[in-house]
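Everything on this sheet refers to the single structure shown next.
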Amino acid sequence: MNRINGWIFDVYADEQGLVVWVIDTAGVAHQLRDTVAPSFFVFGSHADLHAVCVMLSAAHLPVRLRRAERHDLFLRRDLTLLEVQVLRPLLFASIFARVRTFRPALTYYNADLSPAQFYYFEKGLFPLAYCEIQTNAAGWINALEVKDSCWDLEYRLPPLRTMSVRLAGQAANPTHEFRGELEIHTEDRVCVLDTSDPRELLRTLNRLLQKYDPDLLISEYGDSFILPQLIQLANRYGMHLPLNRDPKQAPLSRQAYSYASYGRIVYRSASHLLFGRWHIDLHNAFRMGDYWLDGIFELARLTGLNVQKVARTSTGTGISAIEAATAYRRKILIPYYKREAEDFKSAGELILTDKGGLTYRPIVGLHENVAEIDFVSMYPFIMAKFNISPETINCPCCHNSVVPDIGYSICTHQRGLIPESLEPLVAKRIRYKLGAKELAAGPRQEIYRQRSQAIKGLLVTCFGYTGYKNARFGKIEAHEAITAYGRAVLIQAKEIVEDHGFDVLHLLIDSLWIKKRNSHDDEYPPLLAEITEKTGVPIALEGVYDWVAFLPAREHEKIGVPNRYFGVFRNGAIKTRGIELRRGDTAPWIKAVQQQAIDVLSVAHTRKEFFDQVPQVIDLIRERLAELRAQQVDYHDLALTYRLTRDPQAYRHNTLNAVVARQLSQRGVHLHPGESIRYVITDAQARDPHARARPVDLMDASYGYDVEKYAELLLRAMATILQPAGIDQEQIEQKVAQTPTQPWVWQIPLDWFAPVNPCKSAKAD
DNA sequence: AAAGTACGGGG
DNA sequence: GTGTACGTACTTT
């Protein structure tokens, strides 16, 4: 008998049951065995269920069939169903598929969970859990004790050996390129392998894998390019390539696909998962809040999804898995797919309920001494506090019409599935945030930040998921109730701050920007405490701005645009939203100059000082434009990045994007919706559309860039920044043309607090 | 003028 | 395997 103390590394099904990889405290990987017999459930007429039983028995499949009683959340009652227990976990998906093909119209439950998930549920386990394990001589697990909790802030992780693989000397997507050298990093050295000699390449790689036996293979474009290339080469030359640690398995590849998410198309390249070893592609990892391994490990522990999977899927899948785990624990049926229609609503109700988050247009202009106050995790907090869940909204037992505006009722008898899943997550995130504040800046704090970001991703999608028609536990009425509470809470906060004499300059879903003449920073803590107390939802001070500029719409200088502003806090920190430098489609050089301009303005503490800085910004623009005109700017810094929303041939207009996408297509680069392109504008006015822009990957320094086009883009970005000073693009151009900037009088905008008859102009030196 | 196309958020 | 909705900015036709 063997004892192993270590961390659960990977779990998957194979012919003999389950493979459980454990890494012990010395860093040694153990391939252990166990098994699980998961069940799915079928609901339907007696005759249909009988037919399913007959079919399964006749096929001699390894199943155990029985009658079971389980609760359906949406029907709100216990059902009598057929339980199909699959004795060999590897066959779970195929046996389910067979039944579903046989009787597609029946209702299925617990059918789309993986064997690993069932195993984790049954054993109270999760990925990377620390355990004490006893096995027999053949590696079968006899006893397993979990010595870890996924709710702990402090936990140890296994010592991991890491190897990374990338193509030498380039950051661009290699499907846009056609050759390269392979760079392999291990802990103590870097190998550069020439791809022109595939046999030697494979031999060396083979040796490195054997010698270092990495737990984690980190790649750049390994999913889309490097791993498929290597596997293809190994097949062509009939050579062995031990990418997997489990010698019986071939790497699991998954087709590339495009899907819509966050209102845009995302391209997921093919993925290559390994067995007994993790492969994570830096460029194919889903990282909502810019976290990396520490965030991914936290997600794996919390969601119960394996590391390689959680690294690649959206947080929606993660929150869905957490909800499924809660349901499993409570013996609630987990719907196979969502088929709930919205409850009937009259037209009038639709208008009321469909409003979403509350937004006011900001009061345009440059404002001094503005406080920004934000509700903390507003929607998740509302869901947890007010017990909002698909089964608690308009439940049959309660008629309290408590939801503001829309009058839905919420169950007071039973804790909802979503609140129950959410509450510990909200609490853990707060503990991480508080913990990070107490820690000194350093690696530990960075780990806390990443984990907190990862949980934030779960919380944000949890709200969105309630309104998503295909979510397992989604229900649009729950979504509406959340936003209705959100609006009520925000309005309440607005009234409270106004009672204290503040003006609300801007208001956006869970944030308010407020100011009062001669307000003092000491006023905010009691104000926040009062709002928190009266609304029941915690609110915090994001900061007090020395100045903040709310920008108008381009077409109407008096009409503000939500979430388009820039400002400087008391501590000197700059915050910008919606302006060019925040956008992914702005050239890096334009972003950099806009940032420099804001840096120049950020030394100002008042409106007056802001205006005083304007001539310096003009000087900056003049210098940068001179560099541009002298063709001194590196073309990489002028590259525009765009995400394609359709196939290159499907574009109807000759936009630069379409032109570039087709150029790449002609060069054999197959682009899909959701993939990005990068290009430089070479001659925007050219007759021949193809001469207008050039993909960065097909560019070199011999191609010039379109000076006037980039000058125009720069001036536009600068006009955004100087608009609050009352200066438009034309004035900027005029001033830039004069050297040096001469004393200058222009009409500055009125102060929000200014008397009716203000002085009309100011002089800046 | 109308239609087509893309971005935002988080830090 | 997959969060929605929508306002804004800009280009092409």
Please state how far atom CZ in A/Arg646 lies from atom P in B/dC7, giving the value in whole angstrom units.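 So the CZ-P distance, A/Arg646 to B/dC7, works out to 11 Å.
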
Can you tell me which stems DNA chain C forms, taking runs of 3 or more consecutive Watson-Crick or G-U pairs with both distances under 3.5 Å?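 So far as stems of 3 or more pairs are concerned, DNA chain C shows B:1-8 with C:6-13.
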
Short side-chain N/O contact to [N] OP1/OP2 from [X], under 4.0 Å:
{"X": "A/Arg652", "N": "C/dT12", "value": "no"}
{"X": "A/Arg716", "N": "C/dT11", "value": "yes"}
{"X": "A/Arg583", "N": "B/dC7", "value": "no"}
{"X": "A/Arg554", "N": "C/dC10", "value": "yes"}

Nearest to the side chain of [X], which nucleotide is it out of [options]?
{"X": "A/Arg643", "options": "C/dT8, B/dC7, C/dT12", "value": "B/dC7"}
{"X": "A/Asp585", "options": "B/dG10, C/dT13, B/dC7", "value": "B/dC7"}
{"X": "A/Gln453", "options": "B/dC7, C/dT12, B/dG11", "value": "B/dG11"}
{"X": "A/Val561", "options": "C/dA9, B/dG10, B/dT5", "value": "C/dA9"}
{"X": "A/Ala553", "options": "C/dA9, C/dT13, B/dG11", "value": "C/dA9"}

Tabulate below the donor-acceptor pairs under 3.5 Å that side-chain atoms of residues 575-584 of chain A make, not counting sequence neighbours, or state none.
from	atom 1	to	atom 2	distance (Å)
A/Lys575	NZ	A/Glu372	OE1	3.3
A/Lys575	NZ	A/Glu372	OE2	3.2
A/Lys575	NZ	A/Glu542	OE2	3.0
A/Glu580	OE1	A/Gln594	NE2	2.9
A/Glu580	OE1	A/Thr720	OG1	3.2
A/Glu580	OE2	A/Arg554	NH2	2.8
A/Glu580	OE2	A/Thr720	OG1	3.0
A/Arg582	NE	A/Thr576	O	3.4
A/Arg583	NE	A/Asp585	OD1	3.1
A/Arg583	NH2	A/Asp585	OD2	3.3

Side chain to side chain contact (heavy atoms under 4.5 Å, CB included) between A/Asp728 and A/Glu557, intermediate numbers included: CA-CA 11 Å; A/Asp728 63 17; A/Glu557 64 174 40; over 6 Å; no

Residues from residues 570-582 of chain A lying under 4.0 Å of DNA chain B - heavy atoms: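 Under 4.0 Å from DNA chain B: A/Arg577, A/Gly578, A/Arg582.
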
Categorize A/Lys709 for me: base, sugar-phosphate, or nothing, with a 4.0 angstrom heavy-atom threshold over every strand shown.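 Sugar-phosphate contact only - A/Lys709 comes under 4.0 Å of backbone atoms but never of a base.
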
Test applied, side chain to side chain contact (heavy atoms under 4.5 Å, CB included); reference residue, A/Tyr705; option that passes from A/Asp637, A/Ile681, A/Leu638: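 That would be A/Leu638; it is the only one of A/Asp637, A/Ile681, A/Leu638 passing the side chain to side chain contact (heavy atoms under 4.5 Å, CB included) with A/Tyr705.
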
For the residue pair A/Tyr408 / A/Glu477, report whether a side-chain donor-acceptor contact shorter than 3.5 Å exists.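 The answer is no; no qualifying pair exists.
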
A/Glu298-A/Tyr432 side chain donor-acceptor pair, cut-off 3.5 Å: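 The answer is yes; a qualifying pair exists.
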
Who passes ring-ring contact (aromatic ring centres under 6.0 Å, His included) against A/His653, sequence neighbours left out?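 A/His653 satisfies ring-ring contact (aromatic ring centres under 6.0 Å, His included) with no residue once adjacent residues are dropped.
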
Non-neighbouring partners of A/Ala484 that pass side-chain contact (heavy atoms from CB on, under 4.5 Å), sequence neighbours left out: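 side-chain contact (heavy atoms from CB on, under 4.5 Å) list for A/Ala484, sorted by chain: A/Val403, A/Ile406, A/Arg487.
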
Can you check the distance between B/dG9 and C/dT8, where both ends of the measurement are the P atom (answer in whole Å)?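 Pairwise P distance, B/dG9 against C/dT8, rounds to 15 Å.
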
Which distance, rounded to the nearest 0.5 Å, do you find between the CG of A/Asp281 and the OH of A/Tyr221?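 A/Asp281 atom CG to A/Tyr221 atom OH measures 8.0 Å (nearest 0.5 Å).
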
For residues 706-717 of chain A, which residue pairs qualify under salt bridge (Lys or Arg N to Asp or Glu O under 4.0 Å), counting only residues two or more places apart or in two chains?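 Salt bridge (Lys or Arg N to Asp or Glu O under 4.0 Å) check on residues 706-717 of chain A returns A/Arg629-A/Glu708, A/Glu712-A/Arg716.
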
